[in-house]
Amino acid sequence: MDPQIIIARRVAQELKSGNLVNLGIGIPTLVANYVPADLKVFFQSENGLIGTGPIPEQGMAHPLLTDAGGRPISALPGAATFDSAMSFGLIRGGHVDVTVLGGLQVDAHGRLANWMIPGKMVPGMGGAMDLVSGAKRVIVAMQHAAKGKPKIVKKCNLPLTSARPVHLVVTDMAVIGFADGKATLLETAPGISVAEVMAVTEAELVVPDDIPEMKI
Amino acid sequence: MDPQIIIARRVAQELKSGNLVNLGIGIPTLVANYVPADLKVFFQSENGLIGTGPIPEQGMAHPLLTDAGGRPISALPGAATFDSAMSFGLIRGGHVDVTVLGGLQVDAHGRLANWMIPGKMVPGMGGAMDLVSGAKRVIVAMQHAAKGKPKIVKKCNLPLTSARPVHLVVTDMAVIGFADGKATLLETAPGISVAEVMAVTEAELVVPDDIPEMKI
Amino acid sequence: MMRAVSVEEAVAMIPAGASVMVGGFMGVGTPERLLDELVRQQKTGLSLICNDAATPGKGVGKLFDATLVSRLTATHIGLNPKAQQQMLANQINIDLVPQGSFVERIRAGGCGLGGVLTPTGVGTLVADGKRLIEVDGEPFLLETAIRAQFALVHAFLADYLGNLTYALTARNFNPIMAMAADTVIVTAEHIVPVGVIAPDHVITPAPLVDYLITNG
Amino acid sequence: MMRAVSVEEAVAMIPAGASVMVGGFMGVGTPERLLDELVRQQKTGLSLICNDAATPGKGVGKLFDATLVSRLTATHIGLNPKAQQQMLANQINIDLVPQGSFVERIRAGGCGLGGVLTPTGVGTLVADGKRLIEVDGEPFLLETAIRAQFALVHAFLADYLGNLTYALTARNFNPIMAMAADTVIVTAEHIVPVGVIAPDHVITPAPLVDYLITNG
């Protein structure tokens, strides 16, 4: 299975009926494709919409209805639009139940870096800092390693997105939680051993006796 | 002429076309009655409306359309409604061009007390403190003296509404400004002499050579 | 996910002594059915957060009639003699807040802000015990966030998902309070199917609402 | 009082070097005609306040194409390579702000607040040079108010008085910026008679608008 699809499928299982969910750009966007049809989830687009629907059919897009990347989207029945102050009031105020974001690095305590590579990539933090500071639950969806280089590290050498730790990291190899402020291996991907995960994880990992396999 | 009508007529002359105006309860409310028909003034009701119209005809009132005192009002074509955060954003943000408020005392520098008589009247400040702190121009509309006791005093012994001075006080006897931080007599009411004004004014008054009579 | 419940069930969830925000301005835009039921179930010792005390027999005035309030945060209580008597007899602990600061404190509570800096109240009694913070040489009061256990909100239209709109001056504090409480309970003048309220006309998006009171 | 003017007249009022807020999110909800005219009139050295740099050829992207921007306050510029090049070449002085803080700072500027306390950015690069203020033991960053000389706003409907509504995700920063500038200039998809926009659907009340660009 495609690594991105493993991640998206597994993250989708974290969503509960009634959740207000904000998905970041990249792998997180794919999560919407794997939400069971009977699960009533509200997706927020931080440019001002709750109730984002699929990409509209050819010829049905409206230029004033887009996602945060400026791409045409649709709105489901019961959608709501609002200004940016409200959008970030929802985010920072803890009204977003789950946010799923991409990551460059996550440290041993769950702190995320995902907005800047000094001297190289300075696009700006957009809404990421508010999402990590404010959402009830923050899930990072990313590849476990970049070209063999661990992304779950002892200490981030990239600038942090927030001092607040994330709740869960879901990669193509593992699910890692930070319940007691320590990176803890919770699940491995199908066919991946604990040793293989450890080999590409720089942060010290708490490894409980029983590590179930992801059910995807 | 009724003292309240003298005041209301004179205050109405301060309003300009396009002004956003907030009128307090009491004498200030009467000001709306004396605005020339060709002057396009927007009246705000701080409970969430711009474009307040006259009291509706018998049987035409709606229970969800009231002024800040809870009394039925109407809305003019082009009216706008909004929540209280917006209402006070408009007030504190300097978008209200003129507010007209009642007063208990005004001191020699133009500082107003109008919300509390300790141990006697503690209704609360409502929106008065925001209006005096935020409106572009603050006009106090009040009787010059209460039972012969001056209301324009050296120093307020009642709690201040704001540390920011008001711009103009209009009474049944005089118009007083505070341009240089000093109470200055600008006009007298018809038939009232400067000496009569001075006799019931406790604050030191700057009295220019030429004091015109109010044109009402 | 919003649940539709009877008014009895909803109020049964509110314990005596709870902190409760109630929408409305002089009783306009107040969830009367919830207030009637609070009285019927005799929920005593409430910490009430409401713009005003309305009038006896109307809106939150009913809570004072039944002496259910032990703390009150409000901007004015001038038109409810019972609330004033209870305050002067020290039966109610009262905190009077300027209206603009009142709504910003609630907004801050709902939007994840620690507080706001306002010029309102600087140099007055309201500044007592509050931090004065200078920005570019200008003094501001730090007004900190307020939240409550329950927000009782009255809408004009609610759809089956919980999207809300408000009518005219009945909007006032309702949408702000709907963000600032752990549990949000809503009454509506009309309950309508999903899709009846256009996305651009939704003021309170569905995920903010916990309980909607059913008709009858 | 709002005045209807041509796009040429409106932009002629903006001097080179002015501070200008522009509504829009990735070019959606941006007043394109005003941007085209800024380019035509070659208004150089602008201090631009806008959520993002859009993309070349679209929205504020046009200002970077024409190298008219010398300062930029934004939340991300990742999708505009020209803006990134100009930043890396030190042709633009750039201030990156988290999106929730960005909109709250503008809201504060428009609503007469000195600033807000936000948890976003605490413990990150964003905290550099900012005051850390504790409330009940929790650390917050003080984010101060932003205003501009001009706000360029794009609405969906504008009426002859200047009342505005917005459509779908094109609302974003427009109504917030419409409160935070000395002069507010508006383009609208449709100009309609007074009364066409219901009072409850007005997002920006008429008194906030200084100039409305006429059709054609």
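Every chain is numbered from 1 and lettered A, B, ... according to where its sequence line falls, protein lines coming before strand lines.
Between the CG atom of C/D200 and the CG atom of A/L49 there is a distance of 9.5 Å, given to the nearest 0.5 Å. Note: A/M86 CE to C/I203 CD1 = 8.5 Å, rounded to the nearest 0.5 Å.
Within 6.0 Å of atom CG in A/D180, 12 or fewer heavy atoms from other residues, nucleotides or ligands are found, so the atom counts as exposed in its surroundings. Within 6.0 Å of CZ in C/R131 there are more than 12 heavy atoms belonging to other residues, nucleotides or ligands. In the displayed structure, A/I55 atom CD1 is contacted under 6.0 Å by at most 12 heavy atoms of other residues, nucleotides or ligands. For CD of A/E204, the number of neighbouring non-hydrogen atoms (other residues, nucleotides, ligands) closer than 6.0 Å is 12 at most. Counting heavy-atom neighbours within 6.0 Å of A/K40 NZ, excluding the residue itself, gives a total above 12. Sparse packing is recorded around CD of A/E57, with 12 or fewer heavy atoms of other residues, nucleotides or ligands lying under 6.0 Å away. Counting non-hydrogen atoms of neighbouring residues, nucleotides and ligands closer than 6.0 angstrom, the CG atom of C/D128 exceeds 12 such neighbours.
Most heavy-atom pairs under 4.5 Å with chain A, from the set C/A145, C/G195, C/P205: that is C/P205. Comparing C/G112, C/A198, C/C111 by heavy-atom pairs within less than 4.5 Å of chain A, the highest count is held by C/C111.
A/H95 contributes a side-chain N or O that, together with a main-chain N or O of C/M179, makes up a donor-acceptor pair within less than 3.5 Å.
When heavy atoms are compared at a cutoff of 4.5 Å, A/L76 does not approach chain C at all. Both the backbone and the side chain of A/A79 come within less than 4.5 Å of a heavy atom of chain C. If you measure heavy-atom distances from A/K16 to chain C, you find no contacts under 4.5 Å at all.
Between A/A80 and C/N163, the shortest heavy-atom contact is CB-OD1, 4.0 Å.
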Check: Could you walk me through whether C/M1 and A/N19 pass the side chain to side chain contact (heavy atoms under 4.5 Å, CB included) check?
Finding: CA-CA 7 Å; C/M1 179 70 79; A/N19 276 180; over 6 Å; no
Check: So A/F82 and C/V202, side chain to side chain contact (heavy atoms under 4.5 Å, CB included) or not? Walk me through it.
Finding: CA-CA 8 Å; A/F82 34 79; C/V202 171; over 6 Å; no
